[in-house]
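Read through the structure below, which is laid out as structure tokens, and then see the notes.
Naming: A, B, ... by sequence-line order, numbering from 1 per chain. The shown structure was predicted, so the numbers you read here are calculated from the model rather than taken from an experiment.
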2 protein chains.
Amino acid sequence: MTEQTQKTEKQIFAEFLARKNLRDTSQRELILDEFLRREQHISAEELYDVVKQRDRTIGQATVYRVLKLLCEAGLAREVNFGDGTMRYEHEFGHEHHDHLTCTACGKTIEVVDPAIETLQKALAEKYGFCLLNHEMYLYGTCAECQGR
Amino acid sequence: MTEQTQKTEKQIFAEFLARKNLRDTSQRELILDEFLRREQHISAEELYDVVKQRDRTIGQATVYRVLKLLCEAGLAREVNFGDGTMRYEHEFGHEHHDHLTCTACGKTIEVVDPAIETLQKALAEKYGFCLLNHEMYLYGTCAECQGR
DNA sequence: AAAGCAATTGAAATTCATTATCAATATCAC
DNA sequence: GTGATATTGATAATGAATTTCAATTGCTTT
């Protein structure tokens, strides 16, 4: 199951590079591979750490550069939890979603509510706006953390 | 009209300082006064620029420090538009609201939709969370910018 | 396979927002 | 007033992200 998905994502990246006349390098492949391995959002620095374990010579600037490319290619998405560090999550195969985060333990769940999406669109239109996209972050206490 | 509001906000700050055993300094008063003068959200650096015009000797670290205090006192609120700079807006006398921003001209409108708020709470509860607060940023094209 | 050129890389320097340090100064309770 | 201590401004430091640049590499053309 994951194999099929990974193959497809790697294909997409290869096609993206070809289309943009960019080169297919071992560093780019390695970084994408490590990025795909983890399902949760990850920061550039964290990804740099794990990538370094496979190739000690890789530079952190390269990790930052590749994450930018992955976003352009539609494979990654930036998420900003407001702690000063940008994080990246998988975009491909993950439909649009918002985040529900526990302020006690930090656990984050991906959520979607079609009714909210509809109301957001209506709200924007009420002010004459054509809604392009949105971000919604819900913060609360999860079930486990409530039991304390 | 503004006088009454400002007097009250300054009182709140004075009380906050007294309660916390902090001192009432001319710098803190000046920064609060300048902050209250503008209705739109402002960055620490921008506030520093305008404050400097009234007191050339003020340090920017002090502006950062006072903004932190204003948030603690419930007079200011941090907003993060994801451009790497934290901005601050009035909290007192402004009920909770979200933001609708035009991606073309940057204009931002404060919006609230009670129906969305209700659904957010319900959504969180569906996952066993007790919702504490949230942030919602809507991005689109405003009426004027659509006419191009 | 060789050659050439532009894209890519890693290391280090740089930027930008924000925070910490610290000696000098100002505030406020007494 | 006086003294303990909070506050300040200047500056250094931090941390995330970007830029610079010379050396290297990938890819196209022979």
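- Between the side chains of Y88(A) and E46(A), no donor-acceptor pair is found at a separation under 3.5 Å.
- Screening H90(B), H94(B), E89(B) against R77(B) for a side-chain hydrogen bond (donor to acceptor under 3.5 Å, both in side chains) leaves a single residue, E89(B).
- With rounding to the nearest 0.5 angstrom, the OH atom of Y48(A) is 10.5 Å from the CD1 atom of I31(A).
- From L47(A), atom CG reaches atom NE2 of H41(A) across 13.5 Å, with rounding to the nearest 0.5 Å.
- Straight-line distance from the CZ atom of R28(A) to the C1' atom of dA7(C): 8 Å, rounded to whole Å.
- Proximity of L123(B) to I116(A): side-chain heavy atoms (C-beta onward) are separated by under 4.5 Å at one or more points.
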(request) Could you check R65(B) against K68(B) for side chain to side chain contact (heavy atoms under 4.5 Å, CB included), going step by step and ending with a plain yes or no? (result) CA-CA 5 Å; R65(B) 288 188 279 236; K68(B) 275 248 166 72; 5.7 Å; no
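- Note on the helix from dA1(C)-dT30(D) to dC30(C)-dG1(D): terminal axis deviation equals 30°, with five pairs used at each end and the result rounded to 10°.
- Between the CG atom of D55(B) and the C1' atom of dA26(C) there is a distance of 14 Å, rounded to whole Å.
- The existence of a salt bridge linking R54(A) and D33(A) is confirmed by a sub-4.0 Å separation between a basic side-chain nitrogen and an acidic carboxylate oxygen.
- For the residue pair T108(A)/T101(A), the side-chain donor-acceptor check at 3.5 Å is satisfied.
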(message) I'd like to compare against my own output: the B/S/- annotation of nucleotides 18-25 of chain C with a strict under-4.0 Å heavy-atom distance to protein.
(response) BBBB----
(message) For nucleotides 25-30 of chain D, give me one character per nucleotide, 5' to 3': B if any protein heavy atom sits under 4.0 Å from the base, S if the only such contacts are to the sugar-phosphate, - if neither.
(response) BBS---
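- Distance CG (L69(A)) to C1' (dT9(C)): 13 Å, rounded to an integer number of Å.
- Aromatic rings from H134(A) and H99(B) are positioned such that their centres are separated by 6.0 Å or more.
- The nearest whole Å value for the distance from the CG atom in D83(A) to the P atom in dA17(C) is 18 Å.
- Whole-Å rounding puts the L47(B) CG to dA17(C) P distance at 15 Å.
- Put simply, CD on E78(A) is 13 Å from C1' on dT18(D), counting in whole angstrom units.
- One interatomic measurement links the two molecules: CG of D49(A) to P of dA16(D), which rounds to 11 Å at whole-angstrom precision.
- A heavy-atom distance below 4.5 Å is found between the side chains of F129(B) and I109(A).
- One finds a salt bridge joining E72(A) and K20(A) here, because a Lys/Arg side-chain nitrogen approaches an Asp/Glu carboxylate oxygen to under 4.0 Å.
- We find that CD1 of I31(A) is positioned 7 Å from P of dG10(C), with the value rounded to whole Å.
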